[in-house]
Amino acid sequence: MQIQHNADLRRLNTFGVAARAVTLVTLRSAGEARDLLRQRALMAAPMLMLGGGSNILFTRDWDGVVVVPRLLDREVDSSQGDTVTVVAGAGEDWDGFVRWTLGLGLAGLENLSLIPGSVGAAPIQNIGAYGVELRDRLLWVETFDWQSGRTDRLYNADCGFGYRDSVFKHELAGRLVTRVAFRLSRTPDLELDYGDIRQELADRQLTRPTPLQVAEAVCAIRRRKLPDPAHIGNAGSFFRNPVIAGAHAADLREAHPAMPQFAALGGAKVPAGWLIEACGWKGRREGDAGVHADHALVLVNHGKATGAQIHALALRVVDSVRERFGITLEPEVRVV
Ligand code: EPU
């Protein structure tokens with residue numbers, strides 16, 4: 001295990017904001033997590049699990065221990081007919097892992113290509129894109145419990161998955177995810193219903209695409225719309241798409257006929273990007289904190305913005321959307 005004091009977190013968060021941790025612990029194996037348990041002084045401090053740092057905004061230093069699991073492992077666990085179970089360590093880069101599965105001729109994760117972050121963080125968020133969520137492909141999640149020192153395996157149905165939500169944000173918050181297993185297939189059953197994908201495939205004249213071609217289409221769409229954190233600091237969608245009650249949705253449809261709405265459990269889902277753009281925020285900048293010019297749901301760090309400045313901008317966006325539409329946006333990104 002690697003232990004660093006007064007550690008710089010700037011390169012460990014994709015917003016690229018300055019923040020420090022009293023202690024930074026990098027784990028290379030689940031065994032090292034058990035070793036860390038014996039370090040009483042460290043265990044007494046507030047602990048933060050950090051994956052790829054692609055879904056977090058630091059507005060202050062972390063007055064405790066930041067744990068980064070670099071647990072690397074990719075294996076084909078078993079196969080039964082067309083169904084293949086693959087397992088990945090929490091520290092694997094998500095997109096690298098997706099590409100590895102596609103290279104093995106396995107279908108299932110193609111729509112989730114190019115999402116920044118680590119395998120271990122993926123179930124916490126129940127990452128999703130282009131009509132597929134992680135829960136559609138996940139078999140189990142292995143976690144390490146800092147209280148009992150036990151490793152448990154949670155099967156899909158016990159993970160409490162919801163839209164960008166899971167039990168790992170609630171009852172099991174703070175658990176260390178060590179490994180994740182996925183059920184993939186040698187026979188593609190492609191999900192092409194998301195409008196952008198159909199259009200992209202049509203533009204490429206692909207009527208019977210392979211999983212790899214779908215992945216390439218997804219990558220092209222993402223590259224066009226979403227800023228690459230390697231070039232401009234960001235954490236993808238900053239807010240969740242809100243679900244509003246039926247009556248409220250109907251009122252808004254009447255007042256704003258152009259507002260897109262999608263049927264959802266409990267009412268209608270409205271694209272937060274549309275709401276933010278309608279309030280005039282798209283491409284706006286306050287110092288180095290900004291709203292991305294190509295996608296209003298993404299907040300960006302143009303260079304030297306602090307986390308607090310980006311957070312202040314986010315709060316102003318929330319206020320104006322609430323004032324205009326009566327909808328309160330909730331962050332998707334974890335604000336620390
Ligand atoms: N829109 C605008 N203006 C904008 C951006 C979007 O009007 O500036 C409207 C358009 O009507 C567009 C609609 O919003 O058709 C939806 O936009 P998009 O397809 O880009 O999807 P999204 O709802 O903004 C969600 C996920 C993304 C995921 C895409 C594709 C959330 C919070 N975000 O975004 O996930 O890639 O769908 O499936 O659910 C992420 O979680 O970080 C992320 C990028």
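Counting starts at 1 for both ligands and their atoms, following the listed order.
- Interface of Y163 with ligand 1, defined as ligand atoms under 4.0 Å from a residue heavy atom, comprises 31 (C), 32 (C), 39 (O).
- Less than 4.0 angstrom separates atom 38 (O) of ligand 1 from at least one non-hydrogen atom of the protein.
- A continuous path of hydrophobic side-chain contacts links L109 to V180 [ILVMFWY only; heavy atoms under 4.5 Å].
- Under a 3.5 Å cut-off, the side chain of T14 and the backbone N or O of P229 do not form any donor-acceptor pair.
- Less than 4.0 angstrom separates some heavy atom of A129 from each of these atoms of ligand 1: 36 (O), 38 (O).
- With N241, I115, L114, I276 as candidates, the residue nearest to atom 22 (P) of ligand 1 on a non-hydrogen basis is N241.
- The R164 neighbourhood of ligand 1 comprises atoms 26 (C), 27 (C), 31 (C), 33 (N), 35 (O), 39 (O), 40 (C), 41 (O), 43 (C), with distances under 4.0 Å to a heavy atom of that residue.
- Pairs engaging residues 282-302 under the ring pair (Phe, Tyr, Trp, His ring centres under 6.0 Å) rule: none recorded [sequence neighbours left out].
- Within the structure, ring pair (Phe, Tyr, Trp, His ring centres under 6.0 Å) contacts touching residues 223-256 (residues at least two apart or in different chains) are H256-F325.
- Distance screen at 4.0 Å: atom 12 (C) of ligand 1 has no protein heavy-atom neighbour inside the cut-off.
- Taking the ring centroids of W94 and F182, they lie under the 6.0 Å cut-off.
- Of all atoms in ligand 1, listed by their number and element, those nearer than 4.0 Å to a heavy atom of K225 are 18 (P), 19 (O), 20 (O).
- Inside a 4.0 Å radius of atom 2 (C) of ligand 1 there is at least one protein heavy atom.
- The CZ atom of R322 lies 13.0 Å from the CG atom of L275; values are rounded to the nearest 0.5 Å.
- Interface atoms of ligand 1 facing P271, defined by a heavy-atom separation under 4.0 Å, are 9 (C), 13 (C), 14 (O).
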task: Check the pair F262 / W274 against ring-ring contact (aromatic ring centres under 6.0 Å, His included), numbers first and verdict last.
output: CA-CA 13 Å; F262 305 95; W274 189 93; over 10 Å; no

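- With respect to D145, the salt bridge (Lys or Arg N to Asp or Glu O under 4.0 Å) criterion is satisfied by exactly one of R34, R150, R175: R175.
- Of all the atoms in ligand 1, the ones that sit under 4.0 Å from a non-hydrogen atom of Y194 are 18 (P), 19 (O), 21 (O), 30 (C), 37 (O), 38 (O).
- Close approach to E277 involves these atoms of ligand 1, each under 4.0 Å from a residue heavy atom: 2 (C), 3 (N), 4 (C), 7 (O), 8 (O).
- Using a 4.0 Å heavy-atom cutoff, R222 is listed among the residues neighbouring ligand 1.
- Taking only nitrogen or oxygen atoms, main chain and side chain alike, E332 reaches within less than 3.5 Å of ligand 1.
- Under the 3.5 Å distance criterion, the side-chain polar atoms of W62 are matched with a main-chain donor or acceptor of P46.
- Under 4.0 angstrom from ligand 1, the non-hydrogen atoms of F239 all belong to its backbone.
- In the displayed structure, R316 atom CZ is contacted under 6.0 Å by more than 12 heavy atoms of other residues, nucleotides or ligands.
- Heavy atoms of H295 found under 4.0 angstrom from ligand 1 belong to the backbone as well as the side chain.
- A donor-acceptor pair under 3.5 Å is formed between the side chain of D61 and the backbone N or O of R20.
- Taking a cut-off of under 4.0 Å to the non-hydrogen atoms of G236, the atoms of ligand 1 that pass are 42 (O).
- By the criterion of a heavy-atom distance under 4.0 Å, both the backbone and the side chain of A296 are placed next to ligand 1.
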